[in-house]
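Whatever order the structure lists them in is the order used to number ligands and atoms, beginning at 1. No experiment lies behind these values; they were computed from the predicted model shown.
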Amino acid sequence: MEKLITLEEYIIHAQNKFPGATGDLSQLLRDISLAAKIISREVNKAGITNILGLEGSENVHGESVKKLDLFANEQWINALSRSNITCMVISEENEGIVRLSDKSGKYIVYVDPLDGSSNIDINASIGSIFSIYMRKDVSKPLSESVALQPGTEQVAAGYVLYGSSTVMAYTTGLGVQLFTLDPSIGEFILHEKKVRIPKEGNIYSTDEGSYLFWDEALKKYVKYCQELDPSTNRPYKARYIGCMAADLHRTLLQGGIFMYPDSSRYPNGKLRLMYECNPLAFIIEQAGGKATDGKKRIMEIEPTEIHECTPVYIGSEENMKKLESFFEG
Ligand code: AHM
Ligand code: MG
């Protein structure tokens, strides 16, 4: 029988390859996995404990907040406060930065604690997305500007998907590792090392109901995806879960393209640069794919606000090249 490797074991093994490593990032990833396990447990029993449903308040973007969003946010902040290595957290659910008790912590963590929250009430997949940066200058007081770094500076990033099973994918810049939670023993078990996204896929993923609001080039590209041409595997399939972490997990494993464009309805797109697009761009690039805002690499965007939105096109190399050829005209 093949030996099972837990996330804990894998992290220690990876850390041992770097003789000078302090172990702080390893500890941070362990803390994150604790938040993931607690949220996973709660997501699974959400229906029974009546935790589902609207909380009644609105988040900083004017969207209604559900109970599970608040619970997940709390779990993330608690987990990140455990080890005194994170100085601040920026969460989709908090308008400003959240300063943690140890102001000397060397990491800054961005998180979308419960991505795809409109899926909560229908028992469809939801996720958490995280992105970790170094605090560059410890002498500077903690502020939004300290947290604003381009995605290329990410030290690690990943997501947890609460689907038919709970999976966690992360990267520290050395490929993407994928783990599956075995709830019977409460451990994430290594599922795949150095995951590679297929070079090309035949799935496109976008909210096509917004077609009328799109630019002509995107309309033409989506029509291209729907044309009949067996030599290029077309027509593609359309798949859209409405949870970016879930749509990206499928894209990572099966290839294809995910798009949340700018449009006359959302001039800057709807998805958040710092805790949705950058971390998932890091994952997809590490797996051999590409991520852009239609013009430039997502991870090279210089952020100006912690909650800013960006259009995003992300997926397999060949699908992205094709899309770009439509955008270039
Ligand atoms: P959320 O983080 O508030 O749940 O919103 C982000 C989600 C993404 O996961 C998903 O890709 C997108 O919103 C779906 O938006 P839409 O309903 O406009 O298609
Ligand atoms: Mg989200």
Side-chain angles (χ1 to χ4, degrees), residues 35-36 39 43 46 52-55 57-73 75-76 89-95 109-131 151 157-163 167 169 203-214 218 222 238-252 256-284 291 293 298 305-315:
I39 297 167
V43 165
L52 287 179
L54 291 178
E55 218 286 320
S57 58
E58 287 193 340
N59 73 10
V60 291
H61 313 290
E63 299 155 342
S64 52
V65 172
K66 314 210 166 179
K67 282 181 189 170
L68 214 46
D69 297 40
L70 294 182
F71 176 84
N73 196 34
Q75 295 312 315
W76 273 90
V89 180
I90 295 97
S91 163
E92 179 172 0
E93 298 301 338
N94 295 94
E95 189 166 0
V109 180
Y110 280 87
V111 63
D112 180 352
L114 214 61
D115 178 52
S117 41
S118 61
N119 281 353
I120 295 173
D121 290 346
I122 55 159
N123 241 320
S125 295
I126 40 185
S128 300
I129 309 173
F130 61 92
S131 169
Y159 62 82
V160 184
L161 179 63
Y162 315 100
V167 298
I203 298 176
Y204 73 98
S205 183
T206 192
D207 168 27
E208 216 172 327
S210 298
Y211 185 86
L212 273 181
F213 306 110
W214 293 347
L218 181 61
V222 167
R239 294 281 185 274
Y240 189 65
I241 300 170
C243 164
M244 191 189 189
D247 279 313
L248 262 293
H249 185 63
R250 183 201 55 250
T251 308
L252 175 68
I257 189 164
F258 170 86
M259 304 174 278
Y260 207 110
D262 48 344
S263 62
S264 55
R265 185 151 62 172
Y266 293 116
N268 296 318
K270 182 191 137 184
L271 297 181
R272 270 38 92 130
L273 174 64
M274 300 305 286
Y275 40 81
E276 292 177 326
C277 299
N278 266 334
L280 293 169
F282 194 16
I283 290 275
I284 291 292
D293 67 354
I298 287 286
E305 282 174 56
I306 54 176
H307 293 293
E308 77 187 65
C309 291
T310 177
V312 61
Y313 305 88
I314 179 166

Engineer: Using a distance threshold of 2.8 Å, what protein N/O/S atoms lie below it relative to the Mg ion (ligand 2)?
Structural biologist: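 Hits for the Mg ion (ligand 2) below 2.8 Å: Asp112 OD2, Asp115 OD1, Glu276 OE2.
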
Engineer: In chain order, what residues pass the side chain to side chain contact (heavy atoms under 4.5 Å, CB included) check against Ala157, with sequence neighbours excluded?
Structural biologist: Gln154, Pro279, Phe282

Engineer: Which value, rounded to the nearest 0.5 Å, describes the distance between Ser128 atom OG and Gln75 atom CD?
Structural biologist: 10.5 Å

Engineer: Kindly compute the distance separating OH (Tyr204) from OH (Tyr240), expressed to the nearest 0.5 Å.
Structural biologist: 13.0 Å

Engineer: Numbering the atoms of ligand 1 from 1, which are under 4.0 Å from a heavy atom of Asp112?
Structural biologist: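 In order of numbering, the contacting atoms are 2 (O).
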
Engineer: Should we say atom CG of Asp207 is surrounded by more than 12 heavy atoms from elsewhere, each under 6.0 Å from it?
Structural biologist: yes

Engineer: Out of curiosity, Tyr313 OH to Tyr260 OH, how far, rounded to the nearest 0.5 Å?
Structural biologist: 11.5 Å

Engineer: Check Glu305 against Glu308 and note the closest heavy-atom contact, atom names and distance.
Structural biologist: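 Closest pair (atom of Glu305, atom of Glu308, distance): N-OE1, 2.9 Å.
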
Engineer: Just jot down the ligand 1 atoms closer than 4.0 angstrom to any heavy atom of Cys243, in number order.
Structural biologist: 9 (O)

Engineer: So is Asp247 polar-close to ligand 1, meaning N/O to N/O under 3.5 Å?
Structural biologist: no

Engineer: Is any side-chain heavy atom of Met259 closer than 4.5 Å to one of Leu218?
Structural biologist: yes

Engineer: Closer than 4.0 Å to some heavy atom of Glu92 - which atoms of ligand 1 meet that?
Structural biologist: 1 (P), 2 (O), 3 (O)

Engineer: Considering the heavy atoms of Ser117, write down every atom of ligand 1 situated less than 4.0 Å from one of them.
Structural biologist: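 Heavy-atom distances to Ser117 below 4.0 Å select 3 (O), 4 (O).
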
Engineer: Tell me whether ligand 1 is touched by Tyr266 - counting only heavy atoms on the residue side and a distance under 4.0 Å.
Structural biologist: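 Heavy atoms of Tyr266 never come under 4.0 Å of ligand 1.
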
Engineer: Taking the inter-plane angle between the rings of His249 and Tyr159 on a 0 to 90° scale, is it parallel (under 30°), tilted (30 to 60°) or perpendicular (over 60°)?
Structural biologist: perpendicular

Engineer: Relative to the heavy atoms of Gly242, which atoms of ligand 1 are at a distance of less than 4.0 Å?
Structural biologist: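 The atoms of ligand 1 under 4.0 Å from a heavy atom of Gly242 are 9 (O), 10 (C), 14 (C).
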
Engineer: Using a 4.0 Å cutoff against the non-hydrogen atoms of Asp207, which atoms of ligand 1 qualify?
Structural biologist: 19 (O)

Engineer: Can you tell which part of Asp115 has a heavy atom less than 4.0 Å from ligand 1: side chain, backbone, both or neither?
Structural biologist: both

Engineer: Counting only heavy atoms, tell me which of Met244, Glu276, Lys270 gets closest to atom 13 (O) of ligand 1.
Structural biologist: Lys270

Engineer: Could you see which bit of Leu271 sits under 4.0 Å from ligand 1, with heavy atoms only: side chain, backbone, both or neither?
Structural biologist: side chain

Engineer: Where the side chain of Asn119 meets the backbone of Ile126, is there a donor-acceptor pair that is under 3.5 Å apart?
Structural biologist: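 Not confirmed, Asn119 side chain does not pair with Ile126 backbone.
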
Engineer: Is Glu95 atom CD crowded by more than 12 heavy atoms from other residues, nucleotides or ligands, each under 6.0 Å away?
Structural biologist: no

Engineer: What about Ala245: any of its N or O atoms under 3.5 Å from an N or O on ligand 1?
Structural biologist: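 Among all N and O atoms of Ala245, none is under 3.5 Å from an N or O of ligand 1.
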
